[in-house]
Amino acid sequence: MSDLRVTVQHAEQRDDRVVTIGTTAADLFAADRSVIAARVGGRQRDLAYVLADGDVVEPITVGSPDGRAIVRHSTAHVVAQAVQDLFPKAKLGIGPPIQNGFYYDFDVEKPFAAEDLKAIEKRAREIVKAGQKFSRRVVSDDEARAELADEPYKLELIGLKSGSGTGDGADASDASVEVGEGELTIYDNLDAKTGELCWKDLCRGPHVPTTRHIPAFAVQRSAAAYWRGSEKNPQLQRIYGTAWESKEALAEHQHMLAEAEKRDHRRLGAELDLFSFPTELGPGLAVFHPKGGAIRTVMEDYSRRRHIEAGYEFVNTPHITKSTLYEISGHLDWFADGMYPPMSLDGGTDYYLKPMNCPMHILIFKSRGRSYRELPLRLFEFGTVYRYEKSGVVHGLTRVRGLTQDDAHLFCARDQLPDELDNTLKFVLGLLRDYGLTDFYLELSTRPEGKAIGTDEEWVEATQLLREAAEKQGLELVMDPGGGAFYGPKISVQAKDAIGRTWQLSTIQVDFQMPQRFEMEYQAADGTRQRPFMIHRALFGTIERFFAILLEHYAGAMPPWLAPVQAVGIPITDDHVPYLKDIAAKLSAKGIRAEVDSSDNRMQKKIRDAQKQKVPYMLIAGDDDVAKGAVSFRYRDGSQRNGVPVDEAVAEIVDAVDRRIQV
RNA sequence: GCCGAAGUAGCUCAGUGGCAGAGCAAUCGCCUCGUAAGCGAUAGGUCGCGGGUUCAAUCCCCGCCUUCGGCUCCA
């Protein structure tokens, strides 16, 4: 009986160790209870893994990203076991870890009700407490088929795996958690005392050693989901849950969810009187109230100013057009599902609400002969478009049916494309930073297979141009295969908000197709006719959506330059109203949106109201202030500054607005 | 579009097969006050819409509309 040599790899250091045959990963890390799995030669393994000579073994701790995923995956198993305990007829779908949690899909006769979820969580807690052992077992395809004869979805996964050999892209990614690559494995859940089989599931693993190694979890909600993500397939009932390395981490996550709910722009929109969705208008059609309108106006005005500085020209186009335009552009072939149905006018001519601005901007280009001297030509419009989104997808201001894009189309010569893309990206990122978003990464979306026009060469070239521009920005670049529009690939700017959520904002697309379809041309220096290249670019994405993102980012407490009411005067008694009105007039003269609360409420109540409206500056005045020609500031954080001379107070507010700082 | 849940006063929400309730907001009065809710009164509802069951429906059943959670899709 000989010994084995293994290497224990910690973050910084390596330990060479000699151990006896039969030593497991668990033995190596027995001293550290936070270790729940191991990576051996780059592959994740259970702690029960028996070491081989020469193995390089790295611990996976419960709180690491991999560790959390393992805990969540194991919790998904526990929940599935609980479901099958309570609903023996439930058939298993898949149950992978996802960001911040996990889900598991089930085919059940009746969807889960709220009480069902409670019962499932209760049963899952019992299973966790029981400390069942996760035990891995390699099986052949045929053995797996025999054991899982009652699990039609698992059988389908086995078929997929043995059928195609390699993973077939995005579709297989979630399912790979179950079957993985190479050999099939089943995980048995064994009773802690008797070793009796409690439950089993086809699974790649790894898992925590026992259910007791699940420190904290919660069942969250259920919803329907299509089997393997296709609406052609039956719908299963999905249970979402979350699991964490400690009760504290779970509580923190739940606190974050509560915080996100408080920031929900739909809630803030009502509380701050910014916008609403009157049912009389129909789903996804918003109206902006005066205060929401004030924010929008500032957003748009500032954006206009910056666009002028960057060499854009402003255009305007109608909201409705004959079908001809979208026949030429190809939208009716490729995008008709996303468009409102036509209205038939003038004895049979179809008119459509416009879903995109680009064809109209092309017509402006084509309105006369163009010279190479005019390029790059940058046409900009706050263009309102209408998209007939499926009824289940409209969501607040982030997903609407009537939306305004801050849309630009750049027309240039081939050799101008790289610079134009680079400049556009820089411009976009710079403007987003001015709105207070600073944490970005870029995503490159490539050709959508089966839903695209144009040749392979054109797509390769356009994609390459975008990639080069993206790589110049010094930001992380991630790929989004198949995510492009039908006419070209795109770069999108993803921004992280104040509580760590990422939002897709700007998109930049290279388009070889529209110029061809519309037979665009300009006259080059040598007198020849050339076809321009086209870049589509939306900066905010849509104003409505960007509005919502800013609102959630700032939790409604907009920086002064964007706040709908920038300062409110609060008199100690009615006697001080004229004095404050005078100050408000001084502020208005400087372009500040200022009001005086002259209601007959008590001053404490006025402060509360202003606080709830998240007004950045409260200007309080009583006898003391009037006597000194001063006001007293109260800021949103509750702090105060008393007896500030009026001119100084005005200057402070004007300065904060000018510098677009948050206070 | 699909699955599930919900819809009662401007908002947040109670409630019942037999005349519809609270708090906040609104309006009117009193109070004139120094940093998050002063007191009182008044007004406000076809209980989402349309059918059905019933002596009687806000409540039970069916359909539709809208919203919410997801799937799919996407800005």
Side-chain angles (χ1 to χ4, degrees), chain A residues 103 105 108 110-114 116-117 220-240 264 266-267 270-271 273 276-284 335 337-338 355-356 385 387-401 403-407 445 448 451 483 485 490 492-493 503-507 509 536 538-546 548-549 570-577 599-613 618-625 632-636 638-643:
Chain A
Y103 65 79
D105 290 341
V108 283
K110 267 199 312 188
F112 299 111
D116 296 336
L117 292 182
Q220 293 171 304
R221 60 174 163 269
S222 68
Y226 296 107
W227 168 239
R228 299 183 59 224
S230 166
E231 55 189 323
K232 296 188 189 81
N233 289 336
Q235 278 196 330
L236 307 182
Q237 290 300 313
R238 173 169 298 178
I239 292 181
Y240 284 92
D264 189 318
R266 293 166 300 182
R267 168 201 283 256
E271 285 174 1
D273 193 17
S276 59
F277 292 90
T279 57
E280 292 84 346
L281 296 188
F335 198 70
D337 285 351
M356 289 186 188
V385 299
R387 297 184 183 175
Y388 190 72
E389 299 292 349
K390 290 194 223 168
S391 64
V393 309
V394 292
H395 179 91
L397 287 177
T398 58
R399 193 99 189 139
V400 291
R401 283 182 170 173
L403 49 128
T404 305
Q405 296 182 305
D406 58 333
D407 208 0
S445 302
K451 292 198 292 184
K490 74 176 179 198
S492 54
V493 177
W503 301 87
Q504 177 178 319
L505 298 174
S506 322
T507 59
Q509 293 167 276
H536 302 244
L539 200 156
F540 296 150
T542 80
I543 297 175
E544 290 80 2
R545 190 176 130 90
F546 192 63
I549 292 166
I570 296 178
I572 300 292
T573 76
D574 290 350
D575 297 341
H576 311 114
V577 168
S599 68
D600 69 350
N601 287 319
R602 292 174 76 210
M603 157 259 195
Q604 284 86 346
K605 168 69 167 158
K606 294 179 182 184
I607 288 171
R608 177 180 155 87
D609 288 345
Q611 196 84 45
K612 282 176 69 175
Q613 286 297 303
M618 286 175 231
L619 298 175
I620 298 170
D623 288 340
D624 298 350
D625 299 290
S632 296
F633 273 109
R634 180 187 163 102
Y635 302 98
R636 278 192 293 226
S639 65
Q640 46 182 301
R641 217 179 126 215
N642 296 330

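Across B:G10 and B:C2, the matching P atoms stand 32 Å from one another, rounded to whole Å. Remark: the separation of the C1' atoms in B:A75 and B:U58 is 41 Å, to the nearest Å. Look at the C1' atom in both B:A43 and B:G34: the space between them is 34 Å, to the nearest Å. Using atom C1' as the reference point in both B:A14 and B:G45, the two lie 15 Å apart (nearest Å). When the C1' atom is compared between B:G21 and B:G52, the two are found 29 Å apart, to the nearest whole Å. Across the P atoms, B:A20 and B:C65 are found 30 Å apart, a figure rounded to whole Å. Here, B:G17 and B:C30 have their C1' atoms 45 Å apart, quoted to the whole Å. With C1' as the reference atom, B:U46 and B:A9 are 13 Å apart, rounded to whole Å.
The partner of B:U32 is absent, by the rule that a Watson-Crick or G-U pair needs both atom distances under 3.5 Å. For B:U72, there is no paired nucleotide, since no Watson-Crick or G-U wobble pair has both relevant distances below 3.5 Å.
For the atom pair A:I607 CD1 and A:N601 CG, the distance stands at 12.0 Å (nearest 0.5 Å). Distance check, rounded to the nearest 0.5 Å: CD of A:E389 to CZ of A:R387 gives 7.0 Å.
Two residues are said to be in side-chain contact when any heavy atoms from C-beta on lie closer than 4.5 Å; A:F546 and A:D406 fail this criterion. Using a 4.5 Å heavy-atom cutoff, the side chains of A:Q640 and A:M618 are not in contact. Side-chain contact between A:S230 and A:K232: present, with at least one pair of heavy atoms (C-beta onward) separated by less than 4.5 Å.
Using a 4.0 Å heavy-atom criterion, one finds that A:N642 contacts the bases of the nucleic acid, with or without backbone contacts as well. Looking at heavy-atom distances under 4.0 Å, A:D337 makes no contact with the nucleic acid at all. Among the heavy atoms of the strands, none lies under 4.0 Å from A:D609. A:K110 comes within 4.0 angstrom of no nucleic acid atom, judged by non-hydrogen atoms across all strands. Within 4.0 Å (heavy atoms only), A:Q504 reaches sugar-phosphate atoms of the nucleic acid but no base atom. Using a 4.0 Å heavy-atom criterion, one finds that A:E389 contacts the bases of the nucleic acid, with or without backbone contacts as well. Nucleic acid contact class of A:S632 (heavy atoms, under 4.0 Å, all strands): base. Counting non-hydrogen atoms under 4.0 angstrom, A:D600 reaches a base of the nucleic acid. In this structure, A:R266 reaches the sugar-phosphate backbone alone: every heavy-atom distance under 4.0 Å involves primed, P, OP1 or OP2 atoms, never a base. Within the 4.0 angstrom heavy-atom criterion, no nucleotide atom of any strand lies near A:F277.
What you find for A:P283 and A:V394 is that their closest heavy atoms are CB-CG2, 4.2 Å.
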### Verdict with supporting geometry, A:L619 and A:F633, side-chain contact (heavy atoms from CB on, under 4.5 Å)
CA-CA 5 Å; A:L619 298 175; A:F633 273 109; 3.4 Å; yes
### Message
Working note: A:Q504 + A:R545, criterion side-chain contact (heavy atoms from CB on, under 4.5 Å); need CA distance, chi angles, decisive distance, verdict.
### Response
CA-CA 10 Å; A:Q504 177 178 319; A:R545 190 176 130 90; 3.8 Å; yes
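On the nucleic acid side, RNA chain B has its first and last nucleotide under 4.0 Å of a heavy atom of chain A at B:G1 to B:A75, going 5' to 3'.
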